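Each remark here refers to the structure printed beneath this line.
Just so you know, these numbers use all the heavy atoms, side chains as well, and skip hydrogens, waters and symmetry mates. Keep in mind that what you see is a predicted model, and the values were worked out from it rather than measured.
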Amino acid sequence: MSKEITPRSDDYSQWYIDLVRKAGLADYSAVKGCMVIKPYGFGIWENMRDALDRMFKDTGHVNAYFPLFIPKSFLSKEAAHIEGFAKECAVVTHYRLKNAEDGSGVIVDPDAKLEEELIVRPTSETIIWNTYRDWIQSYRDLPLLINQWANVVRWEMRTRLFLRTAEFLWQEGHTAHASKEEAEQEARTMLDVYADFAENWMALPVIKGVKTENERFAGAVDTYCIEALMQDGWALQAGTSHFLGQNFAKAFDVQFSTKDNTLEYVWATSWGVSTRLMGALVMAHSDDEGLVLPPRLAPTQVVIVPIPKPLPELEDIAQKIASDLKGLGIRVKIDTDDQNRPGYKFAEYEKLGIPVRLGLGKRDLENGTIEVARRDTKEKSSVAIDGIAQHIAGLLDEIQQNMFNRALAFRNEHTTSVDTWDEFVHVLETKRGFISAHWDGTSETETAIKEQTKATIRCIPLDAVEEDGACILTGKPSKRRVLFARAY
RNA sequence: CGGGGUGUAGCGUAGCCCGGUUAGCGCGUCUGCUUUGGGAGCAGAAGGUCGCAGGUUCGAAUCCUGCCACCCCGACCA
């Protein structure tokens, strides 16, 4: 049991905060609502970013970068879009400071007021579509498949490290297509990429679905999402992909000449995942001792702890094992620190979530073995040093798979089908998790359910089967079940 | 923006009601020695504008006034 981290059973929310801070992922900053991502946390994010970036490139996308600042007038061009973001925009009004005459410090120079105020991007659709107008003339210019890695600002009232901060890092893909079908396909393809990443890299099972009107992205025709379940039974949206129709093309007048020499508006998508994934990663897998990281994202996958005594042979063996592991592409670290004792180190590496720890001491030297401790199950075993690298490589795969299986089992156990309002409320209060239930398809009903229970419709699963039923609240007819949950 | 709470060393805190030694303790840090297979022991040391600004008083961490910051709970949101 960690001495520093509040147990999940005492206070789940505090456990999360303790973990993020004590494991060195992030810290509060001098700016309210903004965080400092520390090297260890950033290392995990870099691994996520690199994997996603490869997947984007493999699906034909290229990276570019657009400005942080957006002219205010751009944001008012798409009515629904601005409505979604207006309340949380940071605005730049001046471009110069000067020394206060009374010597009290610097003040904003009132003579340096901008003619048109600039908005710090909450998302980049507007500035990008304003640019695309110049880039797209012909069907030959399409499709345009661009992604950008960037920071965005949404001025949130209440923030939580990684899950909701005023500034966060993300990627946003913005694509333009000649046909509706192709754009819809793109939105679905990127949703698949996100699901693939979540499941195979983060070991996080997700449900692919489409958002209801209430939860849809401002300015989108359809919003697709991947939804994950956290250990406290709350849902977390891990990624979104939007089919934007021709909304932004019309707002920014982006037309192209077709093969038939007619002029048409282009079809658009946008899609993104953010540092929020860090929060999902922590809340899906970790325990009261600390982080539990999936091997594919762990900055360090294996740590070797020589149990110190002045034994130079240990160092040599550790180096040899590390070298073999590196040869297999495994990220390994040897702990050469001789100040802290092994017990302290064990606890420390558990807190950091390093998937495999190798303990190497005098006893092992005599037996030709090494102690292998896996983080996900906390099991320890003694393994022959001969052939250890191959063994570890296999073990890392096994841990990755086990973490996914465990999270999937948890989600299955916490997904409940209900057919009555009483059941719905009862499950929500006791067991939590996803609740699969019928809904009459109206925003009014969804809003009423949210007001009464705080539960929202996370998505209409893409694989939902046609099934006649009655809405749990109104009793009106329904054609398929949707997924409800309380959500972050 | 409403309601509640907290500001004392890097971190966590005692003291505050009821003003009065040099502001105490734990963790961490530094030095030395002994240790090292699950969060080491002993000895010594350094480290403080008690959130900020006024006021009351012979005397303020403590009482009064104002301000600031952050946290928690709501409304809003990925």
- Message: Using the rule given for side-chain contact (heavy atoms from CB on, under 4.5 Å), can you reason through A:Tyr40 versus A:Leu291, listing the C-alpha separation, both sets of side-chain angles and the distance that settles it, and then say yes or no?
- Response: CA-CA 12 Å; A:Tyr40 192 55; A:Leu291 287 178; 3.9 Å; yes

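A:Thr430 and A:Arg432 share no side-chain donor-acceptor pair at under 3.5 Å. Between the side chains of A:Tyr349 and A:Asp335, at least one donor N or O sits under 3.5 Å from an acceptor N or O. A:Thr223 and A:His242 form a side-chain donor-acceptor contact under 3.5 Å, judged by distance and modelled atom types alone.
As judged by a 4.0 angstrom heavy-atom cut-off over every strand, A:Leu236 is placed among residues making no nucleic acid contact. Residue contacts shown for A:Glu156 include a base, since a base heavy atom lies under 4.0 Å away. Base engagement by A:Thr165 is indicated by at least one non-hydrogen atom pair under 4.0 Å involving a base atom. Using a 4.0 Å heavy-atom distance criterion, A:Asp364 is classed as a base contact. Looking at heavy-atom distances under 4.0 Å, A:Lys380 makes contact with a base.
If you check distances only, the side chain of A:Lys454 never reaches the base of B:G74 with a donor-acceptor pair under 3.5 Å.
At B:A78, none of the side-chain N or O atoms of A:Arg276 fall inside 4.0 Å of OP1 or OP2 (strictly under the cut-off). For B:G38, neither phosphate oxygen OP1 nor OP2 lies less than 4.0 angstrom from any side-chain nitrogen or oxygen of A:Arg357.
For B:U62, there is no paired nucleotide, since no Watson-Crick or G-U wobble pair has both relevant distances below 3.5 Å.
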